[in-house]
Amino acid sequence: MKTISIIDAKNHIGEEVKIGVWLTNKRSSGKIAFLQLRDGTAFFQGVVVKNNVSEEVFALAKEVKQEESLYVTGTIHEDQRSPFGYEIELSGIEKVGASENYPISPKEHGVDFLMDHRHLWLRSKRQFAVMKIRNEVIRATYEFFNKEGFIKIDAPILTGSAPEGTTELFHTKYFDKDAYLSQSGQLYEEAGAMAYGKVFSFGPTFRAEKSKTRRHLIEFWMIEPEMAFMHQEESLEIQERYIAFLVQSIIDNCTYELGILERDVAVLKKYTELPYPRISYDEAIEMLQKSGEFSDIEWGVDFGSPEETYLAEHFSKPVFVVNYPKAIKPFYMKPHPTRADVVICADLLAPEGYGEIIGGSERATDPAFLETQIEKAGLNKDDYQWYLDLRRYGSVPHSGFGLGLERAITWLTGEEHIREAIPFPRLLNRIYP
RNA sequence: UGCUCAGUAGUUCAGUGGUAGAAUAAUUGACUGUUAAUCAAGAGGUCGUAGGUUCGAAUCCUACCUGAGCAGCCA
């Protein structure tokens with residue numbers, strides 16, 4: 001007898017098969033029992049008919065408990081009554097691991113309770129769907145950048161330099177020296193781009209900010225491409241192609257999961273249509289000033305979350321906001337050739353109020369300019385000598401961007417909160433489990 | 001970090017000064033197509049913690065702890 005996965009049930013209609021499963025729920029009557037089963041690939045139902053099985057098997061079907069692990073054997077059937085389309089009529093049940101008083105019931109639970117049981121919550125259907133989509137986004141990311149000629153260059157997680165705002169960095173020791181957990185791999189990716197042309201990183205980043213919103217994690221994963229011999233406009237084209245590719249990949253490969261989440265595929269489909277609109281920071285300020293709601297906003301300030309949502313609502317697709325004031329952006333961004341007060345950069349705002357998912361820019365290439373910038377930002381020049389070397393030895397125009405993985409997943413899945421886009425979220429004051 | 005709200009049964013909540021409640025889960029029983037199944041039964045509590053007011057506090061007051069939502073910061 002073949003051992004199969006639930007997701008492959010459609011290829012085994014009429015066959016007797018064996019599956020290793022967990023019980024998610026159970027309904028039974030005197031002569032029939034319905035066991036809701038999951039195996040990590042999908043969810044479907046096992047039917048046990050009293051007259052067709054031994055007394056022992058039916059008795060076992062009646063007493064099996066939520067989240068007990070089982071080997072079940074039976075015959076796969078197509079069935080219109082099943083939301084999954086297929087069922088298994090069981091002939092045998094073998095208990096593998098017991099489960100007493102499983103804490104998560106099919107009914108409602110509060111956030112705190114679920115977060116304390118995150119290790120078990122992951123078994124639930126919605127969490128399953130989100131994690132599968134997360135996996136598809138990661139898989140599609142590798143596919144996209146490989147096919148575009150990028151290579152993956154891993155940035156270090158422990159860094160020795162201490163930028164000015166150390167309050168938002170996690171401090172640790174590196175033997176007898178100070179060290180900090182990475183909050184971006186970008187500067188290292190620039191070194192990678194000068195070595196290998198087009199590179200990207202994918203790794204965890206850490207921000208010790210006291211952020212407490214539905215869009216922030218303390219530990220999150222970032223995808224940071226960096227491209228040599230590339231100006232802003234070409235970078236924006238790669239960014240929008242990348243996002244469209246992610247959307248198309250989950251439409252193609254996550255139909256079942258999107259169905260579980262009740263995510264409207266027609267809405268997602270619109271996000272694959274390129275190009276995405278581009279507006280300048282200046283135009284964005286004008287839109288906000290005319291809005292009524294934000295009419296007192298002045299040129300030079302950064303947008304808050306309500307402003308980003310307002311801007312994004314005016315477009316049915318993600319929108320690039322380009323060329324922000326120099327004063328509110330990091331030291332490494334390239335100054336605008338004709339406007340001293342802005343830099344060449346772009347943020348990509350997701351629709352539906354999900355906020356900024358990409359931040360990127362063209363990078364400054366002049367070593368003297370960068371040195372001044374580093375001083376102005378109050379950073380230690382010695383820590384950045386290696387970074388300045390990148391401009392001393394064959395500097396070229398180059399651009400890069402960073403995508404917040406969990407932000408993108410929250411948006412793509414239509415979830416309410418970023419904490420559900422990562423298996424074990426690290427949130428303000430929450431590091432268990 | 002600020003503002004707002006909330007901590008009562010395993011869970012989700014009601015109870016706003018006078019005997020601690022419901023639903024659901026778990027347990028036991030009934031039921032041949034259930035989909036958060038249904039029906040019946042019994043069981044389940046240091047009302048976040050510490051003080052205070054009162055004849056009497058889950059309820060009013062003070063402090064603290066914990067969580068959530070929003071904001072700032074950002075991806």
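Lettering follows sequence order; numbering is per chain, from 1. All values derive from a computational prediction rather than experimental measurement.
At whole-Å resolution of the value, CD in Gln186(A) and P in A75(B) are 10 Å apart. Taking atom CD1 on Ile328(A) and atom C1' on C73(B), their separation rounds to 12 Å, with Å as the unit. Across the protein-nucleic acid pair, Leu169(A) atom CG and C74(B) atom P stand 14 Å apart, rounded to whole Å. The OH atom of Tyr324(A) sits 12 Å away from the C1' atom of A75(B) (whole-angstrom rounding). As a whole-Å value, the separation of Leu37(A) CG from U34(B) C1' is 14 Å. Distance Ile409(A) CD1 to A75(B) C1': 12 Å, rounded to the nearest Å. Note: CD (Glu209(A)) to C1' (C73(B)) measures 5 Å, nearest angstrom.
A donor-acceptor contact under 3.5 angstrom links the side chains of Thr41(A) and Asp39(A), judged on distance only. Glu234(A) and Ser399(A) share no donor-acceptor pair across their side chains, judged by distance under 3.5 Å alone. Remark: the Gln232(A) side chain and the Glu362(A) side chain contain no N/O donor-acceptor pair separated by less than 3.5 Å. Looking only at atom types and distance, the side chain of Tyr332(A) has no donor-acceptor partner in the side chain of Glu190(A) under 3.5 Å away. Residues Gln239(A) and Ser235(A) have side chains that bring a donor and an acceptor to within less than 3.5 angstrom of each other.
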Scan nucleotides 12-14 of chain B against the protein and return all N/O pairs shorter than 3.5 Å with their distances rounded to 0.1 Å.
residue: U12(B); atom: OP1; partner: Gly110(A); partner atom: N; Å: 2.7

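Residue Thr213(A) is classed as a base contact, given a heavy-atom separation below 4.0 Å to a base. Counting any heavy atom pair closer than 4.0 Å across all strands shown, Gln66(A) reaches no nucleic acid atom. Lys125(A) comes within contact range of no nucleotide atom at all, as no heavy-atom separation falls under 4.0 Å.
Trp221(A) and Phe202(A) have tilted rings, their planes meeting at an angle from 30° to 60° on a 0 to 90° scale. Ring geometry for Tyr310(A) versus His314(A): interplanar angle of 30 to 60°, hence tilted. The aromatic rings of Phe145(A) and Phe200(A) lie parallel to each other, their planes meeting at an angle below 30°, with 60° marking the opposite boundary. His117(A) and His119(A) have parallel rings, their planes meeting at less than 30° on a 0 to 90° scale where 60° marks the start of perpendicular. Classified by interplanar angle (parallel below 30°, tilted 30° to 60°, perpendicular above 60°), the ring pair Phe144(A)/Tyr242(A) is tilted. Relative ring orientation between Phe206(A) and Phe170(A) is described as perpendicular, the plane-to-plane angle rising above 60° on a 0-90° scale split at 30° and 60°. Aromatic ring pairs are classed by plane angle as parallel below 30°, tilted from 30° to 60° and perpendicular above 60°; the pair Tyr180(A) and His171(A) is tilted.
Of the residues in residues 351-364 of chain A, Glu356(A), Ile357(A), Ile358(A), Gly359(A) come within less than 4.0 Å of RNA chain B through at least one heavy atom, sorted by number. For the contact set between residues 416-433 of chain A and RNA chain B, defined by any heavy atom under 4.0 Å, the members are His417(A), Ile418(A), Arg419(A), Asn429(A), Arg430(A). Within residues 290-310 of chain A, the residues having any heavy atom closer than 4.0 Å to RNA chain B are, in order of number, Asp302(A), Gly304(A), Ser305(A), Pro306(A).
As the counterpart of G21(B), C13(B) is assigned, both hydrogen-bonding distances of the Watson-Crick or G-U wobble pattern falling under 3.5 Å. Pairing partner, U32(B): none, since no Watson-Crick or wobble contact has both distances short of 3.5 Å. With a 3.5 Å ceiling on both atom-pair distances, U59(B) lacks any Watson-Crick or G-U wobble partner. The partner of C74(B) is absent, by the rule that a Watson-Crick or G-U pair needs both atom distances under 3.5 Å. Nucleotide A41(B) has U27(B) as its partner under the Watson-Crick or G-U criteria, with both atom distances under 3.5 Å. The partner of C47(B), taking Watson-Crick or G-U wobble pairs whose two distances both stay under 3.5 Å, does not exist in any strand shown. Base pairing of A68(B) is made with U4(B), judged by Watson-Crick or G-U wobble geometry with both donor-acceptor distances under 3.5 Å.
The separation of A43(B) from U49(B), taken at their C1' atoms, amounts to 29 Å, rounded to a whole angstrom. Of the P atoms belonging to G72(B) and U59(B), the separation is 37 Å, rounded to the nearest Å. Only the C1' atoms considered, A36(B) is 41 Å distant from U1(B), to the nearest whole Å. Between the P atoms of G56(B) and G18(B), the separation comes to 14 Å (whole Å). To the nearest whole angstrom, the two P atoms, one in G15(B) and one in G48(B), are 15 Å apart. When the C1' atom is used for both C74(B) and U34(B), the distance is 49 Å, rounded to whole Å. Here, C31(B) and A23(B) have their C1' atoms 23 Å apart, quoted to the whole Å. Between G67(B) and C61(B), the distance separating the two C1' atoms is 23 Å to the nearest Å.
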Response to the item:
In B/S/- notation (B base, S sugar-phosphate only, - none; protein heavy atoms under 4.0 Å), nucleotides 38-48 of chain B written 5' to 3' is -----------

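Of the two residues contacting RNA chain B, namely Ser29(A) and Asn25(A), the nearest-nucleotide position lying further toward the 5' end is that of Ser29(A). Between Gly402(A) and Val49(A), the residue anchored closer to the 5' end of RNA chain B is Val49(A), taking for each the nucleotide with the nearest heavy atom.
Checked against C74(B), A71(B), G33(B), the side chain of Lys212(A) finds its nearest nucleotide in A71(B). You'll find that the side chain of Arg407(A) is closest to A75(B), out of A75(B), C73(B), A25(B). If you check C73(B), A75(B), A25(B) against the side chain of Phe220(A), the one that comes closest is A75(B).
Listed for the Glu420(A) side chain is no donor-acceptor partner under 3.5 Å among the backbone atoms of His417(A).
Between Ala350(A) and Ala312(A) the shortest heavy-atom distance is O-CB, 3.4 Å.
Ion pairing between Glu240(A) and Lys317(A) fails under the 4.0 Å rule for side-chain N and carboxylate O.
Remark: Ser99(A) engages Glu67(A), Glu68(A), Tyr102(A) in a side chain to side chain contact (heavy atoms under 4.5 Å, CB included) (not counting sequence neighbours).
Side-chain N/O atoms of Gln80(A) and base N/O atoms of G33(B) include no donor-acceptor pair closer than 3.5 Å. With hydrogens and angles ignored, a donor-acceptor pair under 3.5 angstrom links the side chain of Ser211(A) to the base of C73(B). No N or O donor and acceptor, one from the side chain of Arg215(A) and one from the base of C70(B), sit under 3.5 Å apart.
Here the rule is side chain to side chain donor-acceptor pair (under 3.5 Å) with Glu87(A), and of His77(A), Gln45(A), Arg81(A) only Gln45(A) fits it.
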Worksheet item: Could you walk me through whether Phe43(A) and Ile6(A) pass the side chain to side chain contact (heavy atoms under 4.5 Å, CB included) check?
Response: CA-CA 7 Å; Phe43(A) 296 72; Ile6(A) 294 175; over 6 Å; no

Item to complete: Before giving the answer on ring pair (Phe, Tyr, Trp, His ring centres under 6.0 Å), spell out for Tyr188(A) and Trp386(A) the whole-Å C-alpha distance, their side-chain angles and the decisive distance to 0.1 Å.
Response: CA-CA 10 Å; Tyr188(A) 296 98; Trp386(A) 70 268; 4.8 Å; yes

